[in-house]
Amino acid sequence: MARLLTPWGVPPVAARLYGYLLLCPRPVSLDQITEDLEISKSSASVAARLLESYTLARRHSEAGTKRALYAVADDYEAMVRQQNRLLDALAGQLNAGAEIAASKAASARLREMADFYRGMRGAMEDAISRWTRGRRRQ
């Protein structure tokens, strides 16, 4: 998992933790993570919070304690929708830049990039719809 995710900018420890959480049948504590992955507790905590921010992991609480447990997130639609919000923001920023670009060439490039990101967003929304319909049929 680390070899697949690190080229995308995911730190190696976070990528390893994601792979580990994919294999865990239930939420696990930081203590268990540090023991199984042989990493420091601070590294495990930073990686877990990063995965949470990517919506790849969820924090769970344990009744009667302050201890946090982590599990892989299974809300794939939320993950893609978060990415879509980022694509919308990026497209908006690119269009704003196109309005003030110093040259027509730069302006055209920025508008084309904005169109591309909006197209990708639409394709991901279509993919979510098809996936959701397929799951309902099962």
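- Rounding to the nearest 0.5 Å places CE of Met79 at 5.5 Å from OG1 of Thr55.
- Gln32 contributes atom CD, which lies 15.0 Å from atom OH of Tyr70 (distance to the nearest 0.5 angstrom).
- Under the 4.5 Å side-chain contact rule for hydrophobic residues, Leu51 and Tyr76 share a cluster.
- Both Leu30 and Leu56 are part of a single hydrophobic cluster, where members link through side-chain heavy atoms under 4.5 Å apart.
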Using atom types as modelled, flag every donor-acceptor pair under 3.5 Å from a side chain in residues 106-120 to any protein atom, sequence neighbours excluded.
residue: Ser107; atom: OG; partner: Ala98; partner atom: O; Å: 2.9
residue: Ser107; atom: OG; partner: Arg111; partner atom: NH1; Å: 2.5
residue: Arg111; atom: NH2; partner: Glu99; partner atom: OE2; Å: 2.7

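- For Gln93, the CD atom sits in a loose shell: 12 or fewer heavy atoms of surrounding residues, nucleotides or ligands are nearer than 6.0 Å.
- Residues Gln82 and Ser53 share a closest heavy-atom pair of NE2-O, 3.3 Å.
- In the hydrophobic cluster analysis, where Ile, Leu, Val, Met, Phe, Trp and Tyr join through side-chain heavy atoms closer than 4.5 angstrom, Met124 is grouped together with Leu94.
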Ile33 vs Ile39, test: side-chain contact (heavy atoms from CB on, under 4.5 Å). Steps then yes/no. CA-CA 8 Å; Ile33 291 167; Ile39 57 176; 4.3 Å; yes
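- Side-chain atoms of Ser45 do not come within 3.5 Å of backbone N or O of Lys41 as any donor-acceptor pair.
- Clustering ILVMFWY residues whenever any of their side-chain heavy atoms sit less than 4.5 angstrom apart, transitively, puts Val46 in a cluster other than the one holding Val28.
- Note that OG of Ser61 and CZ of Arg67 are 11.5 Å apart. Values are rounded to the nearest 0.5 Å.
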Contacts table for residues 3-25: side-chain donor-acceptor under 3.5 angstrom, sequence neighbours left out:
residue: Thr6; atom: OG1; partner: Ala2; partner atom: O; Å: 2.8
residue: Arg16; atom: NH2; partner: Leu37; partner atom: O; Å: 2.9
residue: Tyr20; atom: OH; partner: Asp36; partner atom: OD2; Å: 2.5

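- Salt-bridge check for Glu52 with Arg58: failed, with every basic side-chain N at 4.0 Å or more from each acidic carboxylate O.
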Atom pairs and distances, side-chain donor-acceptor, residues 130-138, under 3.5 Å, sequence neighbours left out:
residue: Thr132; atom: OG1; partner: Glu77; partner atom: OE2; Å: 3.4
residue: Thr132; atom: OG1; partner: Ile128; partner atom: O; Å: 2.8

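- Contact of the Val80 side chain with the Glu125 side chain is not registered, since no non-hydrogen atoms from C-beta on lie closer than 4.5 Å.
- A single hydrophobic cluster is not seen to contain both Leu50 and Leu69; linkage of ILVMFWY side chains at heavy-atom distances under 4.5 Å, directly or through other members, places them apart.
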